[in-house]
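Working notes, beginning with the structure itself.
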Amino acid sequence: MPLKVGDIITFERTFTGRDVELFIEISGDEGIHHITPDEKGRLVIQGLLTATLPTKIGGDNNVLARTMNFEFLRPVFTGDTIICKVTIEKYEKQDNNRISILASFVCTNQNEKQVLKGNFAGVIV
């Protein structure tokens, strides 16, 4: 079913210590806050690992991103469940028979606090 303006797509994920370890292996982002637990035994999730939520939704819909804007609002910790809501702002056929897309997103934690927001634009492949 094709997307349309106003559609809201939601994806939820709970981050684990293993997620942080794997992201360290891939990205090399091993800041002390990603490898040393806080007083509650939690690690801080890498910002770009958190940003995989809206990119997963884009990937599920075959979006080839041209721009992505992220505003990181507060830290995400291991054990946090993040809900990402992507809203389709623009979805239209171009002259080259591709579909251009613009979407905004907001990610909130289990306490309903915003942790990440932004937008992405691109084409559907």
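- Exactly one of T78, V44, I45 qualifies for a side chain to side chain contact (heavy atoms under 4.5 Å, CB included) with H34. That residue is V44.
- Within the 3.5 Å criterion, the main-chain N or O of R98 finds a donor-acceptor partner in the side chain of N96.
- Between the side chains of S104 and E89, at least one donor N or O lies within less than 3.5 Å of an accepting N or O.
- Rounded to the nearest 0.5 angstrom, N119 CG and M68 CE are separated by 9.5 Å.
- For the pair I24 and Q46, the minimum side-chain heavy-atom distance is below 4.5 Å.
- Clustering ILVMFWY residues whenever any of their side-chain heavy atoms sit less than 4.5 angstrom apart, transitively, puts V20 in a cluster other than the one holding F77.
- Following chains of ILVMFWY side-chain contacts shorter than 4.5 Å, one cannot reach I57 starting from I83, and the two form parts of different hydrophobic clusters.
- Going from atom CZ of R74 over to atom OG1 of T108 covers 10.5 Å, rounded to the nearest 0.5 Å.
- Hydrophobic cluster membership differs between L3 and V106, with clusters built from Ile, Leu, Val, Met, Phe, Trp and Tyr side chains linked at under 4.5 angstrom.
- Looking at Y91 and I124, their side chains come closer than 4.5 Å, going by heavy atoms from C-beta outward.
- Side-chain atoms of N111 do not come within 3.5 Å of backbone N or O of K113 as any donor-acceptor pair.
- Hydrophobic cluster membership differs between I88 and V125, with clusters built from Ile, Leu, Val, Met, Phe, Trp and Tyr side chains linked at under 4.5 angstrom.
- Under a cut-off of 6.0 angstrom, the local environment of CD in E112 is sparse, with at most 12 non-hydrogen atoms contributed by other residues, nucleotides or ligands.
- Between T50 and F70 there is no side-chain heavy-atom pair separated by less than 4.5 Å.
- Residues N109 and V76 fail the side-chain proximity criterion, which asks for heavy atoms closer than 4.5 Å.
- Taken to the nearest 0.5 Å, the CZ atom of F15 stands 9.0 Å off from the CG atom of D80.
- Taken to the nearest 0.5 Å, the NZ atom of K93 stands 12.0 Å off from the OG atom of S100.
- The distance from atom CG of L48 to atom CD1 of I26, rounded to the nearest 0.5 Å, is 12.0 Å.
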Evaluate the criterion side chain to side chain contact (heavy atoms under 4.5 Å, CB included) for residue pair V86 and F120; output intermediate values, then yes/no. CA-CA 10 Å; V86 174; F120 61 84; 4.1 Å; yes
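- Cluster membership for L43 and F23, using ILVMFWY side-chain heavy atoms within less than 4.5 angstrom, is shared.
- A distance of 12.5 Å separates CG in L102 from CZ in R66, rounded to the nearest 0.5 Å.
- In terms of heavy-atom proximity, G47 sits nearest to F72 at O-CE2, 3.2 Å.
- Closest non-hydrogen pair, P75 versus V115, comes out as O-CG1, 4.3 Å.
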